[in-house]
Amino acid sequence: MIATADMTNSKKVLTTLLCTTVASVAFMVVGVAASSTKGAKCACDSGTVTHMGSDGSECTAYCGGKHAGRATSSAVGDGSSAAAAAMFGGQAKSKASDGGNASCIAQPGNATSIASGTGSNAQVDTVGGTGKATAMSGGNATANTTIFNGSCTVISTASNKGTTVNDCSARKSIAEGVADDGGNAHAESSGTSCEANANATGDSSDAEAYCSNHGTKVTAIASGGGVAIGSDSEPPQCMPNGGTAMVMSPEGDCP
């Protein structure tokens with residue numbers, strides 16, 4: 001009876017161990033399955049790093065030269081691509097999701113690009129200053145800075161097949177463009193402490209704002225196919241074309 005009891009207890013122990021082992025293996029398998037579809041993440045302080053995500057995404061980070069700075073990029077979702085490059089102490093960060101394409105280069109400066117959605121493209125190129133581009137739902141956003149003394153800021157936001165390209169090149173100046181629903185916006189600041197803002201919504205809508213003088217501010221807004229062009233050196237142009245067009249500038253307002 002004692003032998004039988006010992007055998008029974010041994011069987012119970014073996015059964016328990018077997019169940020525990022099976023459960024552990026099952027947990028590991030589930031864990032692997034749950035984490036098997038991952039995006040791509042890249043970061044560097046020197047050299048080049050490239051990764052492919054198991055979900056079909058990809059990223060690249062490049063840091064060139066001595067005191068390159070830092071570049072980070074991440075992508076999630078099939079077809080998503082993120083690339084970031086830093087040189088001369090620049091800071092670059094890109095993020096892509098759901099098929100978007102984000103790229104940026106800081107040489108030097110601070111560059112940030114964010115793209116989400118198939119057909120969305122965000123691109124930033126900074127030579128000093130700070131640039132940020134955000135593209136969503138098929139939008140195309142580009143931000144550029146060129147400044148060797150001091151800093152400037154450029155912000156680009158595009159969604160729903162809108163397109164915006166914006167530039168800053170003067171100390172403490174700001175250029176910001178927003179484009180939505182197929183609109184086109186362009187802002188350019190080349191005067192110290194000046195500010196240019198352009199906002200376009202709707203197919204064939206075009207908004208352009210330019211500032212080149214110290215401390216001025218120019219705003220151009222267009223929608224529904226309208227065209228608005230403003231600067232601090234020429235009279236404003238407003239052509240509603242069945243939509244709306246508005247300019248506010250030192251050279252006058254319209255309509």
Side-chain angles (χ1 to χ4, degrees), residues 40-45 48-50 57-65 68-76 80-117 119-148 150-159 161-180 184-190 195-200 208-209:
K41 292 183 178 181
C42 299
C44 69
D45 295 301
T48 303
V49 176
T50 300
S57 61
E58 62 179 328
C59 69
T60 299
Y62 170 76
C63 296
R70 183 164 177 79
T72 61
S73 59
S74 62
V76 177
S80 300
S81 176
M87 291 180 281
F88 309 115
Q91 300 292 316
K93 182 178 181 180
S94 66
K95 183 177 181 180
S97 61
D98 300 326
N101 183 2
S103 63
C104 63
I105 179 170
Q107 52 178 347
N110 295 286
T112 302
S113 60
I114 303 171
S116 61
S120 300
N121 294 281
Q123 181 177 334
V124 180
D125 187 348
T126 62
V127 181
T130 299
K132 181 177 182 180
T134 303
M136 304 163 284
S137 304
N140 292 278
T142 301
N144 302 307
T145 72
T146 306
I147 183 166
F148 301 99
S151 181
C152 65
T153 301
V154 59
I155 302 171
S156 301
T157 306
S159 56
K161 298 184 179 180
T163 299
T164 183
V165 179
N166 307 293
D167 308 87
C168 74
S169 58
R171 293 177 65 250
K172 298 182 180 180
S173 70
I174 299 172
E176 182 172 3
V178 179
D180 190 21
N184 178 74
H186 176 62
E188 185 175 321
S189 61
S190 57
E195 182 176 344
N197 298 285
N199 190 309
E208 301 176 29

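For reference, positions follow the sequence shown, starting with 1. Since the structure is predicted, the reported quantities are computational estimates derived from the model, not experimental observations.
- Panel note: side chain S173, backbone E195; no donor-acceptor pair is recorded below 3.5 Å.
- The side-chain heavy atoms of S74 and C59, taken from C-beta on, include no pair separated by under 4.5 Å.
- Listed for the N140 side chain is no donor-acceptor partner under 3.5 Å among the backbone atoms of T163.
- The line from CD of Q123 to OG of S103 is 4.5 Å long, rounded to the nearest 0.5 Å.
- We find the OG1-CD distance between T157 and E176 to be 6.0 Å, quoted to the nearest 0.5 Å.
- Side chain of S73 to backbone of T60: a donor-acceptor contact under 3.5 angstrom is found.
- Side-chain contact between K132 and I114: present, with at least one pair of heavy atoms (C-beta onward) separated by less than 4.5 Å.
- Between the side chain of S120 and the backbone N or O of S137 there is at least one donor-acceptor pair closer than 3.5 Å.
- S80 places a side-chain N or O within donor-acceptor distance of the main-chain N or O of D98, the cut-off being under 3.5 Å.
- Using a 3.5 Å distance cut-off with no hydrogens or angles, the side chains of D125 and Q107 do pair a donor with an acceptor.
- A side-chain N or O of D180 and one of S159 form a donor-acceptor pair less than 3.5 Å apart.
- There is no side-chain donor-acceptor pair under 3.5 Å between S169 and D167.
- Atoms CD1 and CD1, on I174 and I155 in that order, are 7.0 Å from each other to the nearest 0.5 Å.
- Taken from CD1 in I105 to OG1 in T126, the straight-line distance is 8.0 Å, to the nearest 0.5 Å.
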